[in-house]
Novice: 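Structure incoming, see below.
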2 protein chains.
Amino acid sequence: MGTRLHTVPEPKYRHLKTVIGEALDHEFTVGEVLPNERELAARFGVARATLRQALEQLELEGRLQRRRGVGTTVAPPRVGVEVGSSRENWPGAPCDPWQARDAHRAVPPAAVAELLGTGEEPVHVLTRVRLDEALPVATELLYVPAASVPGLSAIDAPGGTARARAVLRELGHLDPEGEDRAVELGSAGAEDARRLDRLPGSPVLLVTTRFLAEGGTAAVSVATYRADTCRLTFGADGAGVEIAPARRAS
Amino acid sequence: MGTRLHTVPEPKYRHLKTVIGEALDHEFTVGEVLPNERELAARFGVARATLRQALEQLELEGRLQRRRGVGTTVAPPRVGVEVGSSRENWPGAPCDPWQARDAHRAVPPAAVAELLGTGEEPVHVLTRVRLDEALPVATELLYVPAASVPGLSAIDAPGGTARARAVLRELGHLDPEGEDRAVELGSAGAEDARRLDRLPGSPVLLVTTRFLAEGGTAAVSVATYRADTCRLTFGADGAGVEIAPARRAS
DNA sequence: GAGTGGTCTAGACCACAGC
DNA sequence: CTGTGGTCTAGACCACTCA
(Lines give C-alpha, C1' and ligand atoms only; values in the text may rest on other atoms or scores of the structure.)
Protein backbone atom coordinates (compact mmCIF):
# COMPACT_ATOMS: atom_id res chain seq x y z
CA MET A 1 0.00 0.00 0.00
CA GLY A 2 1.98 2.93 -1.30
CA THR A 3 1.69 6.22 0.38
CA ARG A 4 -1.45 8.01 -0.65
CA LEU A 5 -2.63 5.94 -3.51
CA HIS A 6 -4.96 7.81 -5.81
CA THR A 7 -4.99 11.16 -4.13
CA VAL A 8 -6.10 13.93 -6.46
CA PRO A 9 -3.71 14.63 -9.30
CA GLU A 10 -1.81 17.78 -8.50
CA PRO A 11 -2.46 20.59 -10.98
CA LYS A 12 0.45 21.34 -13.27
CA TYR A 13 0.93 24.89 -12.12
CA ARG A 14 1.26 23.80 -8.53
CA HIS A 15 3.85 21.22 -9.40
CA LEU A 16 5.65 23.83 -11.46
CA LYS A 17 5.62 26.16 -8.50
CA THR A 18 7.28 23.54 -6.34
CA VAL A 19 9.90 22.74 -8.94
CA ILE A 20 10.75 26.35 -9.66
CA GLY A 21 10.69 27.20 -5.98
CA GLU A 22 13.27 24.55 -5.28
CA ALA A 23 15.38 25.73 -8.18
CA LEU A 24 15.27 29.24 -6.71
CA ASP A 25 16.60 27.93 -3.42
CA HIS A 26 19.39 25.88 -4.90
CA GLU A 27 20.40 27.15 -8.29
CA PHE A 28 19.81 30.88 -8.26
CA THR A 29 21.08 33.85 -6.34
CA VAL A 30 19.20 36.98 -5.33
CA GLY A 31 18.82 39.40 -8.21
CA GLU A 32 19.55 36.83 -10.88
CA VAL A 33 17.22 36.99 -13.87
CA LEU A 34 15.26 33.91 -14.90
CA PRO A 35 14.78 32.85 -18.51
CA ASN A 36 11.80 34.58 -20.05
CA GLU A 37 8.31 33.17 -19.77
CA ARG A 38 8.10 31.74 -23.28
CA GLU A 39 11.40 29.99 -22.80
CA LEU A 40 10.43 28.59 -19.40
CA ALA A 41 7.04 27.44 -20.65
CA ALA A 42 8.68 25.61 -23.54
CA ARG A 43 11.26 24.05 -21.26
CA PHE A 44 8.57 22.68 -18.94
CA GLY A 45 6.29 21.72 -21.79
CA VAL A 46 3.30 23.81 -20.68
CA ALA A 47 1.37 26.74 -22.04
CA ARG A 48 2.59 30.15 -21.10
CA ALA A 49 -0.58 30.84 -19.11
CA THR A 50 0.07 27.80 -16.95
CA LEU A 51 3.61 28.84 -16.27
CA ARG A 52 2.41 32.31 -15.39
CA GLN A 53 0.05 30.88 -12.80
CA ALA A 54 3.05 29.39 -11.02
CA LEU A 55 5.12 32.56 -11.30
CA GLU A 56 2.24 34.63 -9.98
CA GLN A 57 2.08 32.64 -6.78
CA LEU A 58 5.82 32.75 -6.31
CA GLU A 59 5.66 36.51 -6.74
CA LEU A 60 2.80 36.66 -4.22
CA GLU A 61 5.07 34.90 -1.75
CA GLY A 62 7.78 37.45 -2.33
CA ARG A 63 10.17 35.03 -3.98
CA LEU A 64 10.11 36.53 -7.47
CA GLN A 65 9.91 40.00 -8.85
CA ARG A 66 8.56 40.60 -12.33
CA ARG A 67 8.85 43.82 -14.27
CA ARG A 68 7.36 44.41 -17.69
CA GLY A 69 9.94 45.10 -20.31
CA VAL A 70 12.70 43.85 -18.04
CA GLY A 71 12.22 40.30 -16.89
CA THR A 72 11.75 38.08 -13.87
CA THR A 73 14.32 38.22 -11.12
CA VAL A 74 14.89 36.40 -7.85
CA ALA A 75 13.59 38.65 -5.08
CA PRO A 76 15.61 39.49 -1.99
CA PRO A 77 14.14 38.47 1.38
CA ARG A 78 11.32 40.72 2.47
CA VAL A 79 12.31 43.80 4.40
CA GLY A 80 10.89 44.08 7.89
CA VAL A 81 9.20 47.40 8.53
CA GLU A 82 8.35 48.33 12.08
CA VAL A 83 4.69 49.18 12.39
CA GLY A 84 3.78 48.42 15.96
CA SER A 85 4.18 49.44 19.52
CA SER A 86 7.28 51.62 19.55
CA ARG A 87 6.15 55.15 20.24
CA GLU A 88 8.37 56.48 17.49
CA ASN A 89 5.78 56.19 14.78
CA TRP A 90 3.38 58.64 16.31
CA PRO A 91 2.80 61.18 13.53
CA GLY A 92 5.01 64.17 14.03
CA ALA A 93 7.38 62.41 16.41
CA PRO A 94 11.06 63.09 15.77
CA CYS A 95 11.71 59.60 14.39
CA ASP A 96 8.52 59.33 12.39
CA PRO A 97 9.54 57.19 9.39
CA TRP A 98 7.09 58.87 7.00
CA GLN A 99 7.77 61.65 4.52
CA ALA A 100 4.99 64.16 3.98
CA ARG A 101 4.17 64.83 0.36
CA ASP A 102 1.07 66.93 0.44
CA ALA A 103 -1.80 68.20 2.54
CA HIS A 104 -5.27 69.35 1.75
CA ARG A 105 -8.69 69.49 3.39
CA ALA A 106 -11.44 67.07 2.46
CA VAL A 107 -14.37 65.10 3.81
CA PRO A 108 -13.04 61.66 4.74
CA PRO A 109 -14.64 58.46 3.46
CA ALA A 110 -17.46 57.17 5.65
CA ALA A 111 -15.42 54.38 7.26
CA VAL A 112 -12.75 56.85 8.35
CA ALA A 113 -15.24 59.48 9.46
CA GLU A 114 -16.78 56.92 11.76
CA LEU A 115 -13.43 56.19 13.39
CA LEU A 116 -12.70 59.88 13.78
CA GLY A 117 -16.09 60.65 15.17
CA THR A 118 -16.38 63.60 12.83
CA GLY A 119 -19.35 63.63 10.51
CA GLU A 120 -19.38 65.19 7.08
CA GLU A 121 -16.99 67.80 8.32
CA PRO A 122 -13.77 68.23 6.31
CA VAL A 123 -10.47 67.28 7.95
CA HIS A 124 -6.82 67.66 7.12
CA VAL A 125 -5.66 64.92 4.78
CA LEU A 126 -1.93 64.35 4.59
CA THR A 127 -0.38 62.24 1.88
CA ARG A 128 2.80 60.57 3.01
CA VAL A 129 5.31 58.03 1.75
CA ARG A 130 7.51 55.61 3.62
CA LEU A 131 10.86 54.69 2.13
CA ASP A 132 13.30 51.92 2.84
CA GLU A 133 16.72 52.18 1.27
CA ALA A 134 15.36 54.91 -1.00
CA LEU A 135 12.61 52.62 -2.32
CA PRO A 136 8.97 53.32 -1.50
CA VAL A 137 7.42 50.61 0.66
CA ALA A 138 4.17 52.27 1.61
CA THR A 139 1.88 55.21 1.03
CA GLU A 140 -0.45 56.69 3.57
CA LEU A 141 -3.42 58.96 3.92
CA LEU A 142 -3.43 60.54 7.35
CA TYR A 143 -6.72 62.08 8.42
CA VAL A 144 -6.45 64.76 11.09
CA PRO A 145 -9.54 66.51 12.43
CA ALA A 146 -9.19 70.23 12.97
CA ALA A 147 -9.87 69.65 16.65
CA SER A 148 -6.59 67.72 16.99
CA VAL A 149 -4.53 70.66 15.78
CA PRO A 150 -6.05 73.67 17.55
CA GLY A 151 -2.93 75.78 17.04
CA LEU A 152 -3.48 75.76 13.31
CA SER A 153 -5.81 78.09 11.51
CA ALA A 154 -7.46 76.62 8.45
CA ILE A 155 -5.71 79.01 6.09
CA ASP A 156 -2.47 79.09 7.97
CA ALA A 157 -0.29 77.48 5.38
CA PRO A 158 -1.50 77.54 1.80
CA GLY A 159 -1.29 73.78 1.37
CA GLY A 160 1.27 71.27 0.15
CA THR A 161 4.22 70.18 2.23
CA ALA A 162 4.31 73.40 4.21
CA ARG A 163 0.87 72.78 5.68
CA ALA A 164 1.66 69.09 6.11
CA ARG A 165 4.62 69.99 8.27
CA ALA A 166 2.53 72.42 10.27
CA VAL A 167 -0.12 69.78 10.96
CA LEU A 168 2.50 67.23 11.98
CA ARG A 169 4.19 69.72 14.26
CA GLU A 170 0.92 70.31 16.07
CA LEU A 171 0.20 66.58 16.27
CA GLY A 172 3.61 66.02 17.80
CA HIS A 173 2.61 68.23 20.73
CA LEU A 174 -0.20 65.93 21.73
CA ASP A 175 0.20 63.38 24.47
CA PRO A 176 -0.07 59.88 22.90
CA GLU A 177 -2.39 57.51 24.72
CA GLY A 178 -2.05 54.51 22.47
CA GLU A 179 -3.06 53.10 19.13
CA ASP A 180 -5.49 50.72 17.54
CA ARG A 181 -4.54 48.86 14.45
CA ALA A 182 -6.02 46.56 11.83
CA VAL A 183 -4.21 44.74 9.04
CA GLU A 184 -5.88 43.23 6.02
CA LEU A 185 -5.17 42.25 2.47
CA GLY A 186 -6.07 44.63 -0.33
CA SER A 187 -5.09 45.46 -3.83
CA ALA A 188 -3.42 48.64 -4.92
CA GLY A 189 -5.54 51.34 -6.48
CA ALA A 190 -4.25 53.33 -9.42
CA GLU A 191 -2.78 56.10 -7.28
CA ASP A 192 -1.11 53.86 -4.74
CA ALA A 193 0.22 51.62 -7.48
CA ARG A 194 1.90 54.56 -9.14
CA ARG A 195 3.49 55.73 -5.94
CA LEU A 196 4.65 52.24 -5.00
CA ASP A 197 6.02 51.56 -8.47
CA ARG A 198 3.71 48.59 -8.98
CA LEU A 199 0.83 47.77 -11.28
CA PRO A 200 -2.71 48.52 -10.17
CA GLY A 201 -4.20 45.50 -8.48
CA SER A 202 -0.95 44.38 -6.90
CA PRO A 203 -1.47 42.87 -3.47
CA VAL A 204 -0.94 45.27 -0.61
CA LEU A 205 -1.24 45.13 3.14
CA LEU A 206 -3.74 47.68 4.34
CA VAL A 207 -2.96 49.03 7.79
CA THR A 208 -5.61 51.16 9.44
CA THR A 209 -4.40 52.90 12.57
CA ARG A 210 -6.29 54.97 15.05
CA PHE A 211 -4.10 57.29 17.10
CA LEU A 212 -5.54 58.04 20.51
CA ALA A 213 -4.92 61.14 22.58
CA GLU A 214 -6.78 63.18 25.15
CA GLY A 215 -9.49 60.60 25.44
CA GLY A 216 -10.38 60.56 21.77
CA THR A 217 -9.17 59.79 18.29
CA ALA A 218 -6.50 62.28 17.34
CA ALA A 219 -5.94 60.96 13.83
CA VAL A 220 -6.57 58.01 11.57
CA SER A 221 -4.00 56.60 9.19
CA VAL A 222 -4.76 54.35 6.25
CA ALA A 223 -1.46 52.97 5.03
CA THR A 224 -0.84 50.76 2.02
CA TYR A 225 2.26 48.56 2.18
CA ARG A 226 3.71 46.62 -0.74
CA ALA A 227 2.83 43.03 0.16
CA ASP A 228 5.51 41.57 -2.08
CA THR A 229 8.47 43.27 -0.44
CA CYS A 230 7.31 43.99 3.10
CA ARG A 231 7.03 42.09 6.32
CA LEU A 232 5.27 44.16 8.96
CA THR A 233 6.83 43.83 12.37
CA PHE A 234 5.28 44.57 15.72
CA GLY A 235 8.20 44.63 18.07
CA ALA A 236 8.19 44.28 21.84
CA ASP A 237 9.91 47.65 22.21
CA GLY A 238 12.54 47.20 19.59
CA ALA A 239 13.45 43.65 20.51
CA GLY A 240 11.90 42.02 17.50
CA VAL A 241 14.09 43.18 14.69
CA GLU A 242 15.41 39.73 14.08
CA ILE A 243 12.34 37.80 13.05
CA ALA A 244 13.21 35.85 9.95
CA PRO A 245 10.72 35.08 7.22
CA ALA A 246 8.95 31.79 7.76
CA ARG A 247 8.91 29.97 4.49
CA ARG A 248 5.79 27.97 3.72
CA ALA A 249 6.10 24.24 3.47
CA SER A 250 3.54 22.58 1.25
CA MET B 1 -8.65 70.02 -22.58
CA GLY B 2 -10.74 67.16 -21.39
CA THR B 3 -9.63 65.63 -18.14
CA ARG B 4 -6.80 63.23 -18.78
CA LEU B 5 -6.77 63.06 -22.50
CA HIS B 6 -4.93 60.05 -23.81
CA THR B 7 -3.97 58.38 -20.58
CA VAL B 8 -3.31 54.70 -21.00
CA PRO B 9 -6.36 52.68 -21.97
CA GLU B 10 -7.58 50.83 -18.90
CA PRO B 11 -7.39 47.06 -19.25
CA LYS B 12 -10.74 45.38 -19.66
CA TYR B 13 -10.49 43.31 -16.52
CA ARG B 14 -9.85 46.35 -14.40
CA HIS B 15 -12.83 48.14 -15.82
CA LEU B 16 -14.89 45.02 -15.23
CA LYS B 17 -13.72 44.96 -11.66
CA THR B 18 -14.95 48.50 -11.14
CA VAL B 19 -18.28 47.83 -12.77
CA ILE B 20 -18.92 44.62 -10.87
CA GLY B 21 -17.67 46.17 -7.66
CA GLU B 22 -20.21 48.95 -7.96
CA ALA B 23 -22.94 46.49 -8.76
CA LEU B 24 -22.02 44.59 -5.59
CA ASP B 25 -22.44 47.73 -3.55
CA HIS B 26 -25.76 48.76 -5.03
CA GLU B 27 -27.58 45.81 -6.48
CA PHE B 28 -26.63 42.81 -4.39
CA THR B 29 -26.94 41.76 -0.80
CA VAL B 30 -24.52 39.70 1.28
CA GLY B 31 -24.77 36.01 0.50
CA GLU B 32 -26.54 36.50 -2.82
CA VAL B 33 -25.20 34.34 -5.64
CA LEU B 34 -24.00 35.95 -8.84
CA PRO B 35 -24.73 34.57 -12.30
CA ASN B 36 -22.18 31.96 -13.29
CA GLU B 37 -18.93 32.89 -14.99
CA ARG B 38 -19.95 31.89 -18.51
CA GLU B 39 -23.10 33.91 -18.21
CA LEU B 40 -21.29 36.96 -16.83
CA ALA B 41 -18.58 36.78 -19.46
CA ALA B 42 -21.17 36.67 -22.21
CA ARG B 43 -23.11 39.52 -20.67
CA PHE B 44 -20.01 41.73 -20.58
CA GLY B 45 -18.79 40.54 -23.96
CA VAL B 46 -15.43 39.27 -22.79
CA ALA B 47 -13.70 35.92 -22.61
CA ARG B 48 -14.20 33.91 -19.49
CA ALA B 49 -10.54 34.22 -18.55
CA THR B 50 -10.81 37.99 -18.59
CA LEU B 51 -13.87 37.94 -16.41
CA ARG B 52 -12.11 35.60 -14.02
CA GLN B 53 -9.25 38.05 -13.67
CA ALA B 54 -11.71 40.63 -12.37
CA LEU B 55 -13.42 38.15 -10.04
CA GLU B 56 -10.08 37.02 -8.67
CA GLN B 57 -9.19 40.50 -7.55
CA LEU B 58 -12.58 41.07 -6.02
CA GLU B 59 -12.16 37.83 -4.12
CA LEU B 60 -8.69 38.93 -3.02
CA GLU B 61 -10.27 42.05 -1.58
CA GLY B 62 -12.75 39.98 0.34
CA ARG B 63 -15.77 41.13 -1.63
CA LEU B 64 -16.59 37.82 -3.31
CA GLN B 65 -16.47 34.22 -2.31
CA ARG B 66 -16.18 31.51 -4.93
CA ARG B 67 -16.70 27.82 -4.35
CA ARG B 68 -16.25 25.14 -6.97
CA GLY B 69 -19.40 23.28 -7.73
CA VAL B 70 -21.46 25.92 -5.95
CA GLY B 71 -21.02 29.40 -7.38
CA THR B 72 -19.92 32.90 -6.63
CA THR B 73 -21.52 34.73 -3.74
CA VAL B 74 -21.26 38.18 -2.24
CA ALA B 75 -18.96 37.96 0.77
CA PRO B 76 -19.84 39.37 4.18
CA PRO B 77 -17.55 42.06 5.61
CA ARG B 78 -14.31 40.67 6.94
CA VAL B 79 -14.33 39.48 10.51
CA GLY B 80 -11.91 41.20 12.85
CA VAL B 81 -9.75 38.77 14.79
CA GLU B 82 -7.76 40.06 17.71
CA VAL B 83 -4.11 39.18 17.36
CA GLY B 84 -2.24 41.81 19.28
CA SER B 85 -1.36 43.14 22.65
CA SER B 86 -4.10 41.79 24.87
CA ARG B 87 -2.51 39.28 27.19
CA GLU B 88 -5.28 36.80 26.58
CA ASN B 89 -3.66 35.14 23.62
CA TRP B 90 -0.66 33.86 25.47
CA PRO B 91 -0.70 30.13 24.76
CA GLY B 92 -2.33 28.27 27.61
CA ALA B 93 -4.02 31.35 29.04
CA PRO B 94 -7.61 30.81 30.11
CA CYS B 95 -9.02 32.83 27.20
CA ASP B 96 -6.65 31.51 24.57
CA PRO B 97 -8.78 31.51 21.41
CA TRP B 98 -7.00 28.52 19.88
CA GLN B 99 -8.11 24.89 19.90
CA ALA B 100 -5.39 22.29 20.15
CA ARG B 101 -5.66 19.50 17.61
CA ASP B 102 -2.47 17.54 17.97
CA ALA B 103 1.02 17.49 19.39
CA HIS B 104 4.18 15.73 18.42
CA ARG B 105 7.92 16.24 18.68
CA ALA B 106 10.00 17.34 15.71
CA VAL B 107 12.98 19.39 14.65
CA PRO B 108 11.65 22.82 13.70
CA PRO B 109 12.45 24.47 10.37
CA ALA B 110 15.64 26.48 10.36
CA ALA B 111 13.91 29.88 10.51
CA VAL B 112 11.97 28.84 13.60
CA ALA B 113 14.93 27.14 15.25
CA GLU B 114 16.83 30.39 14.95
CA LEU B 115 14.09 32.29 16.75
CA LEU B 116 13.91 29.67 19.46
CA GLY B 117 17.64 29.52 19.91
CA THR B 118 17.49 25.75 19.86
CA GLY B 119 19.58 24.05 17.25
CA GLU B 120 18.73 20.77 15.61
CA GLU B 121 17.13 19.66 18.82
CA PRO B 122 13.51 18.47 18.56
CA VAL B 123 10.78 20.56 20.21
CA HIS B 124 7.11 20.13 20.94
CA VAL B 125 5.00 21.04 17.91
CA LEU B 126 1.37 21.76 18.60
CA THR B 127 -1.15 21.99 15.81
CA ARG B 128 -4.01 24.33 16.61
CA VAL B 129 -7.01 25.86 14.92
CA ARG B 130 -8.78 29.12 15.53
CA LEU B 131 -12.49 29.31 14.90
CA ASP B 132 -14.88 32.19 14.51
CA GLU B 133 -18.57 31.40 14.54
CA ALA B 134 -17.69 27.74 14.10
CA LEU B 135 -15.74 28.47 10.91
CA PRO B 136 -11.97 28.03 10.82
CA VAL B 137 -10.14 31.32 10.31
CA ALA B 138 -6.60 30.24 11.04
CA THR B 139 -4.29 27.31 11.66
CA GLU B 140 -1.16 27.41 13.73
CA LEU B 141 2.00 25.52 14.42
CA LEU B 142 3.24 26.28 17.91
CA TYR B 143 6.84 25.35 18.61
CA VAL B 144 7.69 24.85 22.28
CA PRO B 145 11.21 23.92 23.38
CA ALA B 146 11.43 21.31 26.09
CA ALA B 147 13.13 23.91 28.28
CA SER B 148 9.94 25.97 28.38
CA VAL B 149 7.92 23.13 29.86
CA PRO B 150 10.20 21.62 32.52
CA GLY B 151 7.32 19.98 34.33
CA LEU B 152 6.70 17.72 31.39
CA SER B 153 8.60 14.54 30.70
CA ALA B 154 9.07 13.74 27.06
CA ILE B 155 6.96 10.62 27.23
CA ASP B 156 4.46 11.96 29.70
CA ALA B 157 1.43 11.93 27.49
CA PRO B 158 1.50 9.64 24.50
CA GLY B 159 0.75 12.41 22.00
CA GLY B 160 -2.29 13.93 20.41
CA THR B 161 -4.56 16.36 22.15
CA ALA B 162 -3.71 14.99 25.59
CA ARG B 163 -0.09 16.01 25.29
CA ALA B 164 -1.07 19.27 23.62
CA ARG B 165 -3.12 20.16 26.67
CA ALA B 166 -0.28 19.21 28.97
CA VAL B 167 2.17 21.44 27.11
CA LEU B 168 -0.25 24.35 27.12
CA ARG B 169 -0.91 23.91 30.83
CA GLU B 170 2.80 24.18 31.52
CA LEU B 171 3.17 27.18 29.23
CA GLY B 172 0.35 28.91 31.05
CA HIS B 173 2.41 28.78 34.25
CA LEU B 174 5.16 30.92 32.78
CA ASP B 175 5.33 34.62 33.42
CA PRO B 176 4.75 36.44 30.08
CA GLU B 177 7.25 39.17 29.31
CA GLY B 178 5.94 40.25 25.93
CA GLU B 179 5.70 39.25 22.34
CA ASP B 180 7.26 39.96 18.99
CA ARG B 181 5.21 39.70 15.89
CA ALA B 182 5.59 39.83 12.12
CA VAL B 183 2.83 39.79 9.52
CA GLU B 184 3.34 39.01 5.86
CA LEU B 185 1.47 37.74 2.85
CA GLY B 186 1.74 34.08 1.93
CA SER B 187 -0.18 31.41 0.13
CA ALA B 188 -1.76 28.41 1.74
CA GLY B 189 0.07 25.11 1.56
CA ALA B 190 -1.85 21.91 0.96
CA GLU B 191 -2.31 21.13 4.65
CA ASP B 192 -3.35 24.61 5.70
CA ALA B 193 -5.67 24.90 2.74
CA ARG B 194 -7.47 21.76 3.77
CA ARG B 195 -7.88 22.89 7.33
CA LEU B 196 -9.05 26.37 6.27
CA ASP B 197 -11.46 24.96 3.71
CA ARG B 198 -9.75 26.77 0.86
CA LEU B 199 -7.80 25.73 -2.21
CA PRO B 200 -4.03 25.42 -1.98
CA GLY B 201 -2.42 28.68 -3.00
CA SER B 202 -5.13 30.86 -1.53
CA PRO B 203 -3.77 34.06 -0.06
CA VAL B 204 -3.15 33.94 3.66
CA LEU B 205 -1.74 36.27 6.26
CA LEU B 206 1.26 34.70 7.92
CA VAL B 207 1.72 35.76 11.52
CA THR B 208 4.95 34.78 13.21
CA THR B 209 4.94 35.38 16.94
CA ARG B 210 7.72 35.02 19.43
CA PHE B 211 6.53 34.62 22.99
CA LEU B 212 9.00 35.90 25.53
CA ALA B 213 9.35 34.74 29.11
CA GLU B 214 12.12 34.46 31.66
CA GLY B 215 14.52 36.40 29.50
CA GLY B 216 14.22 34.15 26.49
CA THR B 217 11.94 32.80 23.83
CA ALA B 218 9.38 30.53 25.43
CA ALA B 219 7.64 29.55 22.21
CA VAL B 220 7.23 30.49 18.57
CA SER B 221 3.92 30.45 16.76
CA VAL B 222 3.50 30.41 13.00
CA ALA B 223 -0.14 31.13 12.28
CA THR B 224 -1.88 31.15 8.92
CA TYR B 225 -4.99 33.32 8.68
CA ARG B 226 -7.44 33.28 5.78
CA ALA B 227 -6.73 36.57 4.04
CA ASP B 228 -10.09 36.66 2.31
CA THR B 229 -12.22 36.60 5.44
CA CYS B 230 -9.97 38.03 8.16
CA ARG B 231 -8.92 41.44 9.32
CA LEU B 232 -6.24 41.18 11.97
CA THR B 233 -6.70 43.65 14.79
CA PHE B 234 -4.12 44.90 17.25
CA GLY B 235 -6.12 46.57 19.94
CA ALA B 236 -4.95 49.09 22.49
CA ASP B 237 -6.06 46.86 25.36
CA GLY B 238 -9.41 45.91 23.98
CA ALA B 239 -10.37 49.37 22.81
CA GLY B 240 -10.11 48.73 19.10
CA VAL B 241 -12.90 46.34 18.40
CA GLU B 242 -14.72 48.81 16.24
CA ILE B 243 -12.33 49.41 13.39
CA ALA B 244 -14.30 49.18 10.18
CA PRO B 245 -12.83 47.93 6.94
CA ALA B 246 -11.36 50.68 4.82
CA ARG B 247 -12.48 50.14 1.29
CA ARG B 248 -9.99 50.94 -1.42
CA ALA B 249 -10.75 53.77 -3.75
CA SER B 250 -9.18 53.52 -7.15
C1' DG C 1 -26.52 14.09 -14.20
C1' DA C 2 -26.47 18.92 -14.52
C1' DG C 3 -24.17 22.93 -13.32
C1' DT C 4 -20.52 25.23 -10.98
C1' DG C 5 -15.76 27.03 -10.64
C1' DG C 6 -10.70 25.28 -11.56
C1' DT C 7 -7.21 24.09 -14.91
C1' DC C 8 -5.13 24.18 -19.44
C1' DT C 9 -4.07 25.17 -24.32
C1' DA C 10 -2.13 27.74 -28.40
C1' DG C 11 -2.33 31.16 -30.21
C1' DA C 12 -2.55 36.90 -30.62
C1' DC C 13 -1.59 41.67 -29.72
C1' DC C 14 -0.22 45.49 -26.44
C1' DA C 15 2.72 48.42 -23.22
C1' DC C 16 6.95 49.19 -21.57
C1' DA C 17 12.31 49.17 -20.87
C1' DG C 18 16.54 49.60 -22.76
C1' DC C 19 19.68 49.77 -26.33
C1' DC D 1 14.35 48.56 -32.80
C1' DT D 2 14.14 43.98 -29.88
C1' DG D 3 12.73 41.50 -25.97
C1' DT D 4 10.22 41.48 -21.84
C1' DG D 5 6.00 40.78 -19.11
C1' DG D 6 0.75 42.12 -19.34
C1' DT D 7 -3.69 41.40 -21.48
C1' DC D 8 -7.00 38.82 -24.17
C1' DT D 9 -9.38 35.19 -26.85
C1' DA D 10 -12.16 30.90 -27.76
C1' DG D 11 -12.19 27.09 -27.06
C1' DA D 12 -11.52 22.26 -24.03
C1' DC D 13 -11.66 19.16 -20.20
C1' DC D 14 -11.58 18.22 -15.12
C1' DA D 15 -13.16 18.19 -10.08
C1' DC D 16 -16.49 19.23 -7.24
C1' DT D 17 -21.45 19.95 -5.17
C1' DC D 18 -25.98 19.03 -5.00
C1' DA D 19 -30.42 17.50 -6.27
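Throughout, protein chains are lettered first and strands after them, A, B, ... in sequence-line order, and every chain is numbered starting at 1.
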Novice: With nearest nucleotide decided by heavy atoms, which residue, A:Arg48 or B:Arg48, maps closer to the 5′ end of DNA chain D?
Specialist: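 Counting from the 5' end, the first nearest nucleotide belongs to A:Arg48.
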
Novice: Between B:Arg68 (CZ) and D:dC16 (P), how many Å, whole number?
Specialist: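 It is 5 Å, rounded to the nearest whole Å.
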
Novice: Can you see whether A:Thr73 engages A:Gln65 through a side-chain donor-acceptor pair at a distance of less than 3.5 angstrom?
Specialist: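 Distance-only check fails for A:Thr73 and A:Gln65.
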
Novice: Using heavy atoms to find the nearest nucleotide of DNA chain C for A:Arg67 and A:Thr50 separately, return the residue whose nucleotide is more 5′.
Specialist: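 The residue mapped nearer the 5' terminus is A:Thr50.
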
Novice: For B:Arg66 and D:dT17, give me the distance from atom CZ to atom P, rounded to whole Å.
Specialist: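 Answer to the nearest Å: 16 Å.
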
Novice: What is the separation between atom CD on B:Gln57 and atom P on D:dG6, rounded to the nearest whole Å?
Specialist: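 About 13 Å, once rounded to whole Å.
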
Novice: For C:dT4, does either OP1 or OP2 sit under 4.0 Å from a side-chain N or O belonging to B:Thr72?
Specialist: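 Checking C:dT4 against B:Thr72, no side-chain N or O comes under 4.0 Å of OP1 or OP2.
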
Novice: Anything under 30° is parallel, anything over 60° is perpendicular, the rest tilted; go ahead and classify A:Trp98 against A:Tyr225.
Specialist: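 Perpendicular.
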
Novice: For the side chain of B:Arg38 and the base of D:dG11, is some donor closer than 3.5 Å to an acceptor across the two?
Specialist: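 No, no donor-acceptor pair under 3.5 Å.
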
Novice: For A:Asn36 and D:dG3, is the shortest distance between a side-chain N/O and OP1 or OP2 below 4.0 Å?
Specialist: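 The answer is no; no side-chain N or O of A:Asn36 sits under 4.0 Å from OP1 or OP2.
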
Novice: Determine: side-chain N/O of B:Arg52 to OP1/OP2 of C:dG6, distance under 4.0 Å, yes or no.
Specialist: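 Result: yes.
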
Novice: Go through A:Arg181 and B:Glu82 one step at a time and tell me if the salt bridge (charged side-chain N to carboxylate O under 4.0 Å, His left out) criterion holds.
Specialist: CA-CA 10 Å; A:Arg181 218 171 251 109; B:Glu82 175 63 35; over 6 Å; no

Novice: Round to a whole Å and report the spacing from CG of A:Leu51 to P of D:dG5.
Specialist: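 Nearest whole value for this atom pair: 9 Å.
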
Novice: Measure CZ/B:Arg14 against C1'/D:dT7 and give the value in whole Å, please.
Specialist: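 It is 10 Å, rounded to the nearest whole Å.
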
Novice: Have a look at B:Val81 and tell me which of B:Thr229, B:Val137, B:Val207 forms a side chain to side chain contact (heavy atoms under 4.5 Å, CB included) with it.
Specialist: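 Output: one option passes, namely B:Val137.
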
Novice: Rounding to an integer number of Å, can you tell me how far B:Leu199 CG sits from C:dT4 P?
Specialist: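 Rounding to the nearest Å, CG of B:Leu199 and P of C:dT4 are 18 Å apart.
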
Novice: Write down the distance between CD (B:Glu37) and C1' (C:dT7), rounded to a whole number of angstrom.
Specialist: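 These atoms are roughly 12 Å apart.
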
